[in-house]
Amino acid sequence: MSMPGAVCPGEPAATADWLRIDTSDYAQVKKLTEATIGRFGAVDVVCNNAGIGVVGALQDVDPGEARRLFDVNVLGMFHVIHAFTPLLKDSAARGGPAYLLNTGSEHSLGIPPHVMPMSVYTASKYAVLGLNDTARRDLKDLGIGVSLLAPGWVLTERIRALIAADPHAAAVIEPFAQEPAEVAAAAFDGLLKGTAVIATNPHSRPFAMEHARGLMADIQALPLLDDQHSQYDQHDHAHDGTGHAPE
């Protein structure tokens with residue numbers, strides 16, 4: 001939680017506070033909303049970032065670990081959206097900023113080939129993309145901007161410690177990692193621009209584009225119904241995956 005203020009030489013740009021909660025427990029998330037209003041009076045931006053990871057193929061992951069991951073990564077993200085939406089709605093109604101930034105991953109865009117199998121985690125981040133898409137629709141008329149942050153490896157303190165402790169992890173992670181400040185700048189630039197999916201890492205592009213092309217090829221194999229012919233020109237929604245629609 002943070003509160004903006006005037007920036008003066010020698011003074012911090014913001015005041016930060018914290019409250020430890022479990023986002024998989026809706027009652028605790030509601031406690032956070034109450035504490036936030038009590039401390040700061042309003043909410044302008046919600047960074048919906050809580051998440052955990054599990055390494056392994058689907059058939060190798062313990063079902064209890066999988067349930068816990070979905071409880072945090074998916075249900076917990078829904079809890080935050082549900083609990084904080086009224087506060088963001090109030091901010092928008094007052095003419096203030098109202099933004100929701102949901103943290104997905106490059107795993108929301110496809111299956112990264114440069115990452116060890118994290119199949120349950122990947123599935124949860126696909127679900128986060130769905131939450132983000134529906135939140136953009138559901139909250140649009142409330143004046144709330146919604147974006148998905150989709151970074152790759154980020155050199156947080158935890159990841160730096162992992163790299164320092166494990167040469168194998170360093171070899172796998174470092175070539176694909178970004179600095180936190182770079183990701184944060186992209187996140188808030190994209191949020192203010194209204195970008196639906198804020199992908200930050202160029203290494204995500206090849207596999208994400210391959211995934212998108214495969215999906216579009218399968219969808220375009222469906223026949224157009226008569227009323228769809230009248231609603232859409234085929235060239236308007238046909239796409240070759242290069243960033244430009246065919247002419």
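As a basis for the values below, the full set of heavy atoms in this structure was taken, side chains included, without hydrogen atoms, waters or symmetry mates.
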> Rounded to the nearest 0.5 Å, how far apart are CG of Asn201 and CD of Gln178?
Replying inline: 4.0 Å

>> Show, in sequence, the C-alpha distance, side-chain angles and deciding distance for Trp153 and Val115, and conclude whether the side chain to side chain contact (heavy atoms under 4.5 Å, CB included) test is met.
In response: CA-CA 9 Å; Trp153 289 110; Val115 179; 3.9 Å; yes

>> Could you tell me if the side chain of Ser108 sits less than 4.5 Å from the side chain of Leu148, heavy atoms only?
In response: yes

>> Within this structure, what is the CG-CG distance for the pair Asp90 and Asp44, rounded to the nearest 0.5 Å?
In response: 11.0 Å

> Linking I/L/V/M/F/W/Y whenever their side-chain heavy atoms sit closer than 4.5 Å, directly or via other members, would Phe84 and Val128 fall into one cluster?
Replying inline: yes

>> Could you check whether any side-chain heavy atom of Thr85 comes within less than 4.5 Å of a side-chain heavy atom of Leu139, counting everything from C-beta outward?
In response: yes

> Measuring from Glu182:CD to Glu179:CD, what's the distance to the nearest 0.5 Å?
Replying inline: 8.0 Å

> How close do Ala92 and Gly143 get, heavy atom to heavy atom, and via which atoms?
Replying inline: CB-O, 3.7 Å

> Taking Ser91 for the side chain and Pro97 for the main chain, is one N or O donor matched with an acceptor at less than 3.5 Å?
Replying inline: yes

>> As a quick check of understanding, evaluate ring-ring contact (aromatic ring centres under 6.0 Å, His included) for Tyr121 and His107, giving each step before the final call.
In response: CA-CA 8 Å; Tyr121 176 83; His107 289 253; 5.0 Å; yes

> Nearest heavy-atom pair of Ala42 and Arg94: which atoms, and what distance?
Replying inline: CB-NH2, 3.3 Å

> Say you draw a straight line from CD of Glu210 to CZ of Arg205; how long is it, rounded to the nearest 0.5 Å?
Replying inline: 13.0 Å

>> Could you walk me through whether Glu174 and Ile163 satisfy the side chain to side chain contact (heavy atoms under 4.5 Å, CB included) test, starting with their C-alpha distance in whole Å, then the side-chain angles of each, then the deciding distance to 0.1 Å, before giving a yes or no?
In response: CA-CA 8 Å; Glu174 282 188 311; Ile163 289 172; 3.6 Å; yes

>> Would you say His114 and Glu106 are linked by a side-chain donor-acceptor pair, where the criterion is simply a distance under 3.5 Å?
In response: yes

> Does the side chain of Asn49 pick up a donor-acceptor pair with the side chain of Thr103 at under 3.5 Å?
Replying inline: yes

> Are Val45 and Phe188 side-chain neighbours, meaning at least one heavy-atom pair lies under 4.5 Å?
Replying inline: yes

> Should Phe207 and Ile111 count as side-chain neighbours, where that means a heavy-atom distance under 4.5 Å?
Replying inline: no

> Cluster question for you: counting only ILVMFWY and a side-chain heavy-atom cut-off of under 4.5 Å, with indirect links fine, are Ile159 and Val183 together?
Replying inline: no

> Any side-chain heavy atom of Leu101 sitting closer than 4.5 Å to one from Ile198?
Replying inline: yes

>> Restricting to non-hydrogen atoms, name the atom on Pro151 and the atom on Gly104 that form the minimum distance, rounded to 0.1 Å.
In response: CD-O, 4.1 Å

> Below 4.5 Å, heavy atoms only, C-beta onward: do Val146 and Tyr99 meet side chain to side chain?
Replying inline: no

> Which heavy atom of Met116 sits nearest a heavy atom of Val55, and at what distance?
Replying inline: CG-CG1, 3.7 Å

> At their closest point, which heavy atom of Ser24 faces which heavy atom of Asp71, and how far apart are they?
Replying inline: CB-O, 3.4 Å

> In Å and rounded to the nearest 0.5 Å, what is the CG to CD1 distance from Asp166 to Ile173?
Replying inline: 8.0 Å

> Is there side-chain contact between Leu88 and Leu100, with at least one heavy-atom pair below 4.5 Å?
Replying inline: yes

> Out of curiosity, Leu58 CG to Ser119 OG, how far, rounded to the nearest 0.5 Å?
Replying inline: 4.5 Å

> Are any non-hydrogen side-chain atoms of Pro180 and Leu155 less than 4.5 angstrom apart?
Replying inline: yes

Would you give me the side-chain donor-acceptor pairs under 3.5 Å for residues 72-82, sequence neighbours excluded?
unit_1, atom_1, unit_2, atom_2, d
Asn73, OD1, Ile52, N, 2.8
Asn73, ND2, Ile52, O, 2.9
Asn73, ND2, Ser124, OG, 3.1
His79, ND1, Thr23, O, 2.9
His82, ND1, Tyr26, OH, 2.7

> Can you hop from Leu129 to Leu215 via hydrophobic side chains spaced under 4.5 Å?
Replying inline: no

> Going only through I, L, V, M, F, W and Y residues with side-chain contacts under 4.5 Å, is there a path from Val154 to Val172?
Replying inline: no

>> To check you understand the geometry: which heavy-atom pair defines the closest contact between Ala123 and Phe70, and what is its length?
In response: CB-CZ, 4.0 Å

> Does Leu162 share a hydrophobic cluster with Phe176, counting links as ILVMFWY side-chain heavy atoms below 4.5 Å and allowing steps through other members?
Replying inline: yes

>> What I want to find out is whether Arg68 reaches Asp62 closely enough, with some N-O distance under 4.0 Å, to be called a salt bridge.
In response: no

